[in-house]
S.K.: 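Below you'll find the structure I mean.
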Number of protein chains: 2
Amino acid sequence: MQLDETDKKLLLFLQQDCKQTTKELSYKLGLSITAVYERVRKLENNGVISKYVAILDKTKIDKNFVILCHVKLTQHKKEYVLRFEKEVMTLDEVTECFHVSGDYDYILKICVKDMEDYRNFMLTKLTTIQHIASTQSSFTISEVKNTTELVL
Amino acid sequence: MQLDETDKKLLLFLQQDCKQTTKELSYKLGLSITAVYERVRKLENNGVISKYVAILDKTKIDKNFVILCHVKLTQHKKEYVLRFEKEVMTLDEVTECFHVSGDYDYILKICVKDMEDYRNFMLTKLTTIQHIASTQSSFTISEVKNTTELVL
DNA sequence: GGTGAAAACACTCTCAG
DNA sequence: CTGAGAGTGTTTTCACC
């Protein structure tokens with residue numbers, strides 16, 4: 001995918017606020033409305049822009065208790081790995097899950113209301129998945145940075 | 001913030017695709033355009049919806065090497081903590097940074113192009129921050145789940 | 001809380017150049 | 001890439017349930 005400087009700037013703007021009109025963007029980029037329109041459409045069609053979403057404020061919807069949970073499996077048989085991943089994907093509280101190298105197999109980011117909610121999540125959802133050897137939870141004291149923006 | 005079931009459904013729809021028209025949403029929710037319009041405005045104004053953004057495909061913009069890096073500081077003096085957090089915030093490669101309880105002080109999510117890029121990031125950016133005692137990197141083998149959607 | 005209609009306005013999208 | 005035009009959606013107000 002060949003992106004020129006204008007495309008990169010455009011993508012930065014859209015990652016900050018995708019509700020800007022083509023008119024506003026054309027002004028910021030020094031191009032005509034049509035030119036910007038065509039570029040956006042190209043970036044959508046070739047999949048560089050995958051979607052447009054609303055970002056909610058976790059503190060206002062009772063999801064402000066964030067935990068990073070490190071999981072080890074008992075074995076790394078393909079069957080166990082696929083089973084674990086499939087089940088994790090269905091858990092709404094898990095917003096991110098990475099299969100990683102190193103001391104653990106997976107690192108999960110979990111968003112819940114409070115400690116009670118987390119305890120409940122662990123007991124009734126996460127640890128009911130088969131073949132988990134151990135979990136280690138790191139509770140978030142503060143969120144220093146959390147952005148969806150990738151700088152090009 | 002009092003959210004009824006209709007608000008929750010509306011927020012789910014907007015978290016999946018914020019470019020839907022009020023008309024489409026009114027159809028899905030079984031409400032009038034005006035009713036949906038008023039609800040969306042309310043959710044924007046009271047800050048439940050914090051912003052609307054474009055989500056890019058990491059694989060198409062050379063940011064598909066994701067690392068979770070665990071950082072320990074040498075001391076936890078307020079000055080060192082604030083200094084570290086301030087500097088981390090300026091690093092474009094760091095998309096998330098959490099101050100956590102447990103064996104490490106911080107867990108960072110870092111998005112770069114490849115291992116060479118990561119090495120360069122570590123040597124010229126991260127480890128130039130003062131008072132870091134140690135870092136431990138977990139490389140992502142696969143991204144099992146990664147969503148911005150919070151289920152209400 | 002909700003509806004439907006109307007009007008003014010702004011934006012999207014296409015097309016010819 | 002540009003500018004213009006038709007079509008469509010947004011935003012607001014209104015009377016009303």
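Each chain gets a letter, A, B and so on, in the order its sequence line appears, and its residues count up from 1. Bear in mind the structure is a predicted one, so any value in this text is a computation, not a measurement.
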S.K.: Excluding sequence neighbours, so at least two apart, what forms salt bridge (Lys or Arg N to Asp or Glu O under 4.0 Å) with A:Glu38?
M.R.: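 Salt bridge (Lys or Arg N to Asp or Glu O under 4.0 Å) check on A:Glu38 returns A:Arg41.
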S.K.: 5' to 3' on DNA chain D, which nucleotides open and close the contacts with chain A (atom under 4.0 Å from a heavy atom)?
M.R.: D:dC1 to D:dA4
S.K.: List in chain and number order the residues that pass salt bridge (Lys or Arg N to Asp or Glu O under 4.0 Å) with B:Asp7, two or more places apart in sequence or in another chain; answer none if no residue qualifies.
M.R.: B:Arg39, B:Lys42
S.K.: Show me the donor-acceptor pairs within less than 3.5 Å that the side chains of residues 145-152 of chain A make with the rest of the protein, sequence neighbours left out.
M.R.:
residue  : atom : partner  : partner atom : Å
A:Lys145 : NZ   : B:Met89  : O            : 3.1
A:Lys145 : NZ   : B:Leu91  : O            : 2.9
A:Lys145 : NZ   : B:Val94  : O            : 3.0
A:Asn146 : ND2  : A:Glu143 : OE2          : 3.2
A:Thr147 : OG1  : A:Glu149 : N            : 3.0
A:Glu149 : OE2  : A:Gln16  : NE2          : 3.2

S.K.: With nearest nucleotides of DNA chain C determined for B:Asp4 and B:Thr34 from heavy-atom distances, which residue corresponds to the more 5′ nucleotide?
M.R.: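 Closest to the 5' end, via its nearest nucleotide, is B:Asp4.
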S.K.: Do B:Tyr52 and B:Glu44 get their side chains close enough for a donor-acceptor pair, meaning under 3.5 Å?
M.R.: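 Note: B:Tyr52 and B:Glu44 side chains meet the donor-acceptor criterion.
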S.K.: What side chain to side chain donor-acceptor pair (under 3.5 Å) pairs are there with at least one residue in residues 104-119 of chain A, not counting sequence neighbours?
M.R.: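 Applying side chain to side chain donor-acceptor pair (under 3.5 Å) to every pair that reaches into residues 104-119 of chain A, excluding sequence neighbours, yields A:His76-A:Asp105, A:Glu85-A:Tyr106, A:Glu96-A:Lys109, A:Tyr104-B:Tyr104, A:Lys109-B:Glu96, A:Tyr118-A:Ser137.
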S.K.: Quick check for you: name the first and last nucleotides of DNA chain C, 5' to 3', having an atom under 4.0 Å from a heavy atom of chain A.
M.R.: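 For DNA chain C, the relevant span reads C:dC11 to C:dC15.
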S.K.: Across the strands shown, which category fits A:Leu31 at heavy-atom distances under 4.0 angstrom: base, sugar-phosphate, nothing?
M.R.: sugar-phosphate
S.K.: Under 3.5 Å, is there a donor-acceptor pair between the side chain of B:Lys125 and the main chain of B:Asp92?
M.R.: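 Looks like no, no N/O pair under 3.5 Å.
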S.K.: State plainly whether the residues A:Lys9 and A:Glu5 are in salt-bridge range, i.e. N to O under 4.0 Å.
M.R.: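 No.
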S.K.: Please indicate whether A:Lys23 has more than 12 foreign heavy atoms, meaning atoms of other residues, nucleotides or ligands, lying under 6.0 Å from its NZ.
M.R.: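 Open.
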